[in-house]
Amino acid sequence: MGDRSAAPPEFVSYVDRRLRALEAAASRLTGDDAHAERLAGEMLTLVALRWRRLTRSDTRHELVAGTSADLYVTQLFQQEAAELGYPRVILNLEKAPQERRRTLRAGQLPAEDEAALLWEGARGKTRRRLLIAGGAGAVLAVVALCRGGGAEEPQEEALPVEVETGLPGGAQQMPTGVLDSETIPGVPEKLSLPTQTPPPLGQNPLPRAILLVGSTVLPDQPLYALADNGMWRHIDVGMRAAGTLVMPNSLSPDGKAVVLSNTFETAVVDLTTGRQRLLPGVVASAGPVWLSEQQVLINPSALFDRATDRVETALAGPENVVTPRVREADDRTNTMIELLSAGQPLTAPARVRRWNLAEKTSVTIPLSGRLADLVGPWEGAAIGYGDGLVARLCRPAGNLPSSVRVSWMVAVVSPKTGEVSRLLMIDSAVSGVPILLGWESERRLLLALGLRGGQEVVSWDRVSEKVVRVTQADFVGTLSIRDLTRVA
C-alpha cells in the first residue's frame, strides 16, 4: 500500500507543468533568481494547502483539471506584483522555459521529488506568511488548521487578503503597448477589405464563412463574408446599407447563415445557397441571438425556427439573452439564459435568469463572489461557453482603487451559481472601445478594439491573463465571427 500522505499524482503533474513558468515569471518580477525560486515554491505550497478544494471546484464547474489551481496561482502572483509596484507583469503559465535555473538547491529535481517537498512543506505548515524578495510585506494570512481523520493531507487556508492599492483577485487590466501576435486558422494576420467588390453571394455561395464585415464608411455600406480559404463574397441582400445592419451575433454559429434586420423586416440569408428568407414586419429589438443553428431570437414576439419556417413568441427579448457556444450541429435548445443589470427593476440586484422554454418557467439567482460589486450595467452581446461560463461587457460600478482607470470590463460569470470569477478592465482611451466577439476556447475570449480609424482583434486568456493580437484591421466596421469552439 502506498503512503497515504504522499503527494497525489494530480498534484505532481500540476507541479511538473507549472513550476518552470512560475519561476520564470517570478524572476522577472523580483529580479533575483533565488527569491524567484523561493516565491514560486511558496505559491505552490499554498496550492497544495488548498488542493482538495481546488480540485472540487474543477469538478463542480466542469472545468479542465488544474483550471482552478491556475486561477488561484494567477491571483497570488497578481497580488505579489501589485505589492511590489509592478501590477502589469503578466504570468503566462502556458509558456515555460526549456530549462530551469537552480539557485537554492544544486541540480534539478525530478517532478515527483519537487512535488513531494512542496506537499511535505504544506503538511508541516501551521502559521506562515508569504514573503516577497526575501522580506517584503506579506499578503497572505494563514487560517487555523482544521482537524480531521483519515489520510494526512495539507490543511486548507483562506484566500489571499486583498492589497488595498491593487486590483482585487481575479481582476486584471488590459496590458498596454505592443502585444504578441498569434493567428487563428482562416483569419489573416492583416485584415483588409477587398480593393474591388467581390463576387455576389447569390451567384457564388460559400460552404461557410469564418467572419462577416459590415463597413460603416465605404460607399453604400457593403456587407462582405470571408471564407476559411480566404475567398470573399459580397452579400447582396435587398436591404439598403446592409453593412450598417451587422451585429457581433449576425453570423450563425456554424458560419452558414446570416440574420439582418432593418426598421421594416428581417432577412435570414443562407450562405451555402445564397437564398434569403424575408420576415416582413419582424424587427429586431437588439442584436440577434442564435439559440442554436436553427433557432434565432429576434424580438420578444419573434423566435424564428429555420427548420420549421415558423415564427413563435419568446419569453424574453434578445437584449440580455446569452448566445450559447459549444453546441453540436442540429442541437436544438429548450433553455435560455439572461444576464440582467442591477436596477431592472429599480431595487433588483444584478442577476442571472434561466428560462425553460417548454414549461415557460424561470429561475433567478443574484450575482455573487467578491467581484460582483464591481459589475455595472451590461452592454452588448452575452456569449456563453457550454453551461458553465458566460462572458459579457459591462460598465464599472465603482469600488475600484482611484489609480485604476476603467471604462469597460469583460466579466466572466457562472450561469449556474452567479459567481463572477474574472474581470478584464479596459481603459478605452488607451486600448480602444471593446466589442465582445466570442470564445476562441474554454480559456480564451475574442475582443475587437476600435481605435484611430481601425481596429484589432485580441484574444484574452482568462487563466494566464495573457492578451495577444489575433488580427489587425485597417477599416472601421462591425465584425461577426462564427463559433470557433466547434470542430469543422
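Note that the structure is predicted; figures quoted are calculated from it, not measured.
Annotation: side chain to side chain contact (heavy atoms under 4.5 Å, CB included) contacts of A350 (sequence neighbours excluded): A342, L367. Residues satisfying the side chain to side chain contact (heavy atoms under 4.5 Å, CB included) criterion with A284, sequence neighbours excluded, are S261, I298. Annotation: side-chain hydrogen bond (donor to acceptor under 3.5 Å, both in side chains) contacts of R354 (sequence neighbours excluded): none. D461 pairs by the side-chain hydrogen bond (donor to acceptor under 3.5 Å, both in side chains) definition with R443, S464, not counting sequence neighbours. Partners of S428 by side-chain hydrogen bond (donor to acceptor under 3.5 Å, both in side chains), not counting sequence neighbours, listed by chain and number: S407. Remark: T361 pairs with N356, E359 by the side chain to side chain contact (heavy atoms under 4.5 Å, CB included) rule, at least two apart or across chains. For L436, the side chain to side chain contact (heavy atoms under 4.5 Å, CB included) partners at least two apart in sequence or on another chain are I383, A391, L393, L445, L447.
Legend: salt bridge (Lys or Arg N to Asp or Glu O under 4.0 Å) pairs involving residues 273-285, not counting sequence neighbours, sorted by first then second residue: R277-D309. Counting only residues at least two apart or on different chains, no side-chain hydrogen bond (donor to acceptor under 3.5 Å, both in side chains) pair has a member in residues 375-385. Judged as a salt bridge (Lys or Arg N to Asp or Glu O under 4.0 Å), the pairs with a partner in residues 413-426 (not counting sequence neighbours) are, in order, E62-K416, R422-E465. Residue pairs meeting the salt bridge (Lys or Arg N to Asp or Glu O under 4.0 Å) criterion with at least one partner in residues 312-323, sequence neighbours excluded, are R310-E312. The salt bridge (Lys or Arg N to Asp or Glu O under 4.0 Å) analysis of residues 423-437, with sequence neighbours excluded, yields the pairs R405-D427.
For the pairing with D70, the salt bridge (Lys or Arg N to Asp or Glu O under 4.0 Å) check across R18, R17, K466 returns one residue only, R18.
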